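The structure under discussion appears below in the form of structure tokens.
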Number of protein chains: 2
Amino acid sequence: MGANSRLTIAAHALAWMGLNERMGGEVATSEQIANSVNTNPVVIRRLLGELREAGLVESRRGAGAGWRLRRAPESISLAEVYRAVEGGPLFALHAAAPNQRCPVGHGIRAALTPVYEDAEAALRAQLGRTSVADVLGESLSAP
Amino acid sequence: MGANSRLTIAAHALAWMGLNERMGGEVATSEQIANSVNTNPVVIRRLLGELREAGLVESRRGAGAGWRLRRAPESISLAEVYRAVEGGPLFALHAAAPNQRCPVGHGIRAALTPVYEDAEAALRAQLGRTSVADVLGESLSAP
DNA sequence: CGTTGACGTAACAGTAGTTGTTACAACGGA
DNA sequence: TCCGTTGTAACAACTACTGTTACGTCAACG
């Protein structure tokens, strides 16, 4: 699959913001986060913008501006982060509609849709068992 | 995510082969399957080739050639099909290694790896609850 | 023993999404 | 007013998926 690192970068950014907060930092700039992630600040701003739409973070503009968590790291699950940064479905149905005159082609989409929904639900449920605070804690305790 | 239709096409092809078998057909050709899926026969051959490597189907060459299931449709789960057609991991870690001098950057990959493994395991477990026979049966019973 | 039908596979184009980058307008505190 | 940061557009490079054409290879069958 076209695996991407969007969830990884988003989780990294949120964990960094959680640590920054714990160290007394008021706001985090995209440049600071990008320095930890090792990427370009614009990449961080784009991703954090999606997290802001989901209500997970907020931003301030102007001088001394930056980003802040809107909720406690313990209350932000990776399932919410996943939903914020991965819009579409995990599995696509046929690009072109299958042959409706074939019994299989006629019913296959209706057969697969609930299967895919259940599979995605299982994925999200498992992601929901880990919070940003968990990710931060595990990161800090790594050898 | 870069959602693709590989699992959909593979499940469709296997279900079609199951129905063909049930109707007394010996082998299925990539052209017949492509006609039901509404795509090009080469797309089918490429995908079935991966399913053959996984031991799910077999092919015969020469005149009167084609494809056959190697196992009963009831015994082929979508988890196996998924494993056969989706090689890599669902979530990628950082493209470039994060900043090791940052506490978060240093430990984040070790923190996320087991989270991603558990999430994928949950996805596969749920896919494992549906077989090719289930897909065929649900397709045939669609209105 | 050649014909024939289908597989196996390479090669290519078009499309789309991700990632990184530069550039610049907009904003707001000092 | 100045300056640092966000917000966003635009672009290139890369990768993956999908569809397509082309052609070599194989094995059954007349």
Side-chain angles (χ1 to χ4, degrees), chain A residues 1-10 12-13 17 20 25-35 37-53 57-68 82 85-99, chain B residues 1-10 12-13 17 20 25-35 37-53 57-68 82 85-99:
Chain A
M1 180 117 28
N4 62 50
S5 57
R6 293 165 64 82
L7 181 57
T8 294
I9 307 304
H12 187 150
M17 291 167 74
N20 178 254
E26 279 292 333
V27 296
T29 69
S30 61
E31 187 170 0
Q32 290 173 310
I33 298 170
N35 178 267
V37 174
N38 189 19
T39 184
N40 191 291
V42 175
V43 173
I44 300 299
R45 292 205 289 269
R46 277 197 298 232
L47 265 176
L48 288 185
E50 298 179 38
L51 298 183
R52 179 183 49 215
E53 286 180 26
V57 303
E58 61 188 357
S59 63
R60 260 182 20 211
R61 304 181 64 164
W67 302 80
R68 199 168 7 189
Y82 175 80
V85 301
E86 300 286 358
L90 199 49
F91 302 110
L93 293 179
H94 307 68
N99 186 346
Chain B
M1 180 114 35
N4 61 52
S5 58
R6 293 165 63 82
L7 181 57
T8 294
I9 307 303
H12 187 149
M17 291 167 72
N20 178 254
E26 279 291 333
V27 296
T29 69
S30 61
E31 187 170 0
Q32 290 173 311
I33 299 170
N35 178 266
V37 175
N38 189 18
T39 184
N40 191 291
V42 174
V43 173
I44 301 298
R45 292 205 289 269
R46 277 197 297 232
L47 266 176
L48 288 185
E50 298 178 38
L51 298 183
R52 181 184 48 216
E53 286 179 25
V57 303
E58 61 187 357
S59 64
R60 259 181 23 209
R61 305 183 63 165
W67 302 80
R68 195 163 16 183
Y82 176 79
V85 301
E86 300 286 357
L90 200 48
F91 302 111
L93 293 179
H94 306 68
N99 186 345

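Chain letters run A, B, ... following the sequence lines, proteins first and then strands; every chain starts at 1. As the structure is a prediction and not an experimental result, all values here were calculated from the model.
Rounded to whole Å, atom C1' of D:dC17 lies 12 Å from atom CD of B:Glu50. Here C:dT19 presents its P atom at 7 Å from CD1 of A:Ile9, a figure rounded to the nearest Å. Put simply, CG on B:Leu90 is 15 Å from P on D:dA16, counting in whole angstrom units. Atom CD in A:Glu26 sits roughly 15 Å away from atom P in D:dT5 (whole-Å rounding). Taking atom CD of residue A:Glu58 and atom C1' of nucleotide D:dG7, one finds them 16 Å apart after rounding to whole Å. Rounding to whole angstrom units, CZ of residue A:Phe91 and P of D:dT18 are separated by 13 Å. Note: CD (B:Gln32) to C1' (C:dG5) measures 12 Å, nearest angstrom. Per the geometry, CG belonging to A:Leu48 stands 13 Å off P belonging to D:dT8, to the nearest Å.
With A:Val37 as reference, A:Ile44 is the one residue of A:Ile44, A:Val43, A:Thr8 to meet the side-chain contact (heavy atoms from CB on, under 4.5 Å) rule.
Here the side chains of A:Val42 and A:Arg45 are in contact, with some heavy-atom distance below 4.5 Å.
In the displayed structure, A:Glu58 atom CD is contacted under 6.0 Å by more than 12 heavy atoms of other residues, nucleotides or ligands.
Here B:Asn40 lies in heavy-atom contact (under 4.0 Å) with a base.
Remark: A:Glu26 engages A:Arg68 in a salt bridge (Lys or Arg N to Asp or Glu O under 4.0 Å) (not counting sequence neighbours). With sequence neighbours left out, the side chain to side chain contact (heavy atoms under 4.5 Å, CB included) criterion links B:Gln32 to B:Trp16, B:Ala28, B:Thr29.
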Every protein N/O within reach of nucleotides 7-9 of chain C N/O, cut-off under 3.5 Å:
unit_1 : atom_1 : unit_2  : atom_2 : d
C:dC7  : OP1    : B:Ser30 : N      : 2.8
C:dC7  : OP1    : B:Trp67 : NE1    : 3.0
C:dC7  : OP2    : B:Ser30 : OG     : 2.6
C:dC7  : O2     : B:Arg61 : NH2    : 3.1
C:dG8  : OP1    : B:Arg52 : NH1    : 2.4
C:dG8  : OP1    : B:Ser59 : OG     : 2.7
C:dG8  : OP2    : B:Arg52 : NH1    : 3.0
C:dG8  : N7     : B:Arg45 : NE     : 3.1
C:dG8  : O6     : B:Arg45 : NH2    : 3.2
C:dT9  : O4     : B:Arg45 : NH2    : 3.4

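Separating the CG atom in A:Asn38 from the CD1 atom in A:Ile33 is a distance of 14.0 Å, to the nearest 0.5 Å.
Both B:Ala96 and B:Gly64 sit near DNA chain C, but only B:Gly64 has its closest nucleotide nearer the 5' end.
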